[in-house]
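Below is one structure, written out as structure tokens; comments come after it.
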Amino acid sequence: MSGDDLIESLEGIYHIQGRDFVDAGIVSSEVKKSLQGKGIPESIIRRIAVITFEAEINIISYAQQGTIQLFIEPDAVIIEANDMGPGIADIDLALQEGYSTADDSIRELGFGAGMGLCNIKKFSDIFELTSEVGQGTHLKSIVKLNG
Amino acid sequence: MNLETLIEALGLKCKCCWEKLKSTQVKGGYAGDLLSDVMANSSAGDIWVTRQVHQNIVAVASLKDLAGIVVVQGATPEKDTLERAGKEGIPILVTDMAKFEVVGRIYRLLSEG
Ligand SMILES: Nc1ncnc2c1ncn2[C@@H]1O[C@H](COP(=O)(O)OP(=O)(O)OP(=O)(O)O)[C@@H](O)[C@H]1O
Ligand SMILES: [Mg+2]
């Protein structure tokens, strides 16, 4: 698909502030609402809700700030999460279930199981995670709408 | 079974969304305090049993279309949690029972039908 197609299918851009656990989940709710009433099956909407929530919480937990973009294509929904933060030095390690650098303040809220990225991968049809240490992290998740 | 029947059977206290108790069907249950675990493994219509009280639990329940949240061991849901639950229409129930007992009793109720 070309860049122009992507811009056309952009449904929303949401800003996320690092360490703001009070508003955590607000962006995911917005994304979920945008997907409703468009003939997308509830089970697929719930998968996208999990992906968005885990991406949102990771930006809040680890980055200074970031954005989540939602694209709705005729045959797929695309979630992109970009942040300005410390980045991830070892992506394979970060993707291992149970690996977490979450501190106590994050764990107290019930996060830090080291499952978030695994969940995103599991609920995506296509999953890309790239990062540059000291710059930030980029995550792209595609969920297909037909099968 | 609807939430009202479940609350009465277990003697739970309802902290918000009374108006939804009759119309909310409980299809199953999930227990856990790790939000990513609940996010991944709960199913729509589940009643969620937890010790967490922070308002993030409302986001999880709402995103996964859970039937409601049972907060155990006499823990008090934060004020923000109840406010957000009211807004999002997620019933919050509380009990002094420990998680093990609550889960066992709900499991028996649901499997008896
Ligand atoms: N956006 C990010 N920027 C920097 N580091 C990240 C980012 N996302 C994840 N990480 C790193 O990868 C680790 C694993 O992330 P993952 O989401 O799988 O688990 P977690 O956030 O630690 O716990 P959970 O998501 O289960 O609550 C994190 O602990 C953190 O070290
Ligand atoms: Mg995480």
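Chain identifiers are assigned alphabetically (A, B, ...) following the order of the sequence lines, protein sequences preceding nucleic acid strands; residue numbering begins at 1 within each chain.
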>> If you count heavy atoms of other groups shown closer than 6.0 angstrom to NZ of Lys22(B), is the number above 12?
In response: no

> Going hydrophobic residue to hydrophobic residue with side-chain gaps under 4.5 angstrom, can you get from Leu3(B) over to Val71(B)?
Replying inline: no

>> Using a 6.0 Å cut-off, check whether atom CE of Met84(A) has over 12 heavy atoms from anything other than its own residue.
In response: no

>> Quick check on Ile57(A) against chain B: is it the side chain, the backbone, both or neither that has a heavy atom closer than 4.5 Å?
In response: neither

> So how far is it from His54(B) NE2 to Glu108(A) CD, rounded to the nearest 0.5 Å?
Replying inline: 10.0 Å

> Backbone N or O of Val22(A) within a donor-acceptor pair of the Asp80(B) side chain at under 3.5 Å?
Replying inline: no

>> Report which part of Arg84(B) has an atom under 4.5 Å of a heavy atom belonging to chain A: side chain, backbone, both, or neither.
In response: side chain

>> Are there over 12 heavy-atom neighbours, none belonging to Lys99(B), within less than 6.0 Å of that residue's NZ?
In response: yes

> Same hydrophobic cluster for Val49(B) and Val60(B), using side-chain heavy-atom links shorter than 4.5 Å among ILVMFWY?
Replying inline: no

> Closest approach of Lys122(A) and Asn41(B), non-hydrogen atoms and distance?
Replying inline: NZ-OD1, 4.2 Å

> Which distance, rounded to the nearest 0.5 Å, do you find between the CG of Leu35(B) and the CE of Met115(A)?
Replying inline: 11.0 Å

> To the nearest 0.5 Å, what is the distance between CG (Asn56(B)) and CG (Asp23(A))?
Replying inline: 10.0 Å

> Between Ser29(A) and Leu63(B), which heavy-atom pair has the shortest distance, and what is it?
Replying inline: N-CD2, 3.9 Å

> When clusters are formed by joining ILVMFWY residues with side-chain heavy atoms under 4.5 Å apart, either directly or through shared neighbours, do Leu109(A) and Ile106(A) land in the same one?
Replying inline: yes

>> At a heavy-atom distance under 4.5 Å, which candidate from Ala44(B), Ser62(B), Ala59(B), Ala40(B) has the highest pair count against chain A?
In response: Ala40(B)

>> Would you compute the distance between atom CD1 of Ile26(A) and atom CD of Gln55(B) and round it to the nearest 0.5 angstrom?
In response: 7.5 Å

> With the 4.5 Å side-chain cut-off for hydrophobic clustering, are Leu34(B) and Phe53(A) part of the same group?
Replying inline: no

> When clusters are formed by joining ILVMFWY residues with side-chain heavy atoms under 4.5 Å apart, either directly or through shared neighbours, do Leu66(B) and Ile106(B) land in the same one?
Replying inline: no

> Which bit of Glu42(A) comes within less than 4.5 Å of chain B, counting heavy atoms only: side chain, backbone, both or neither?
Replying inline: side chain

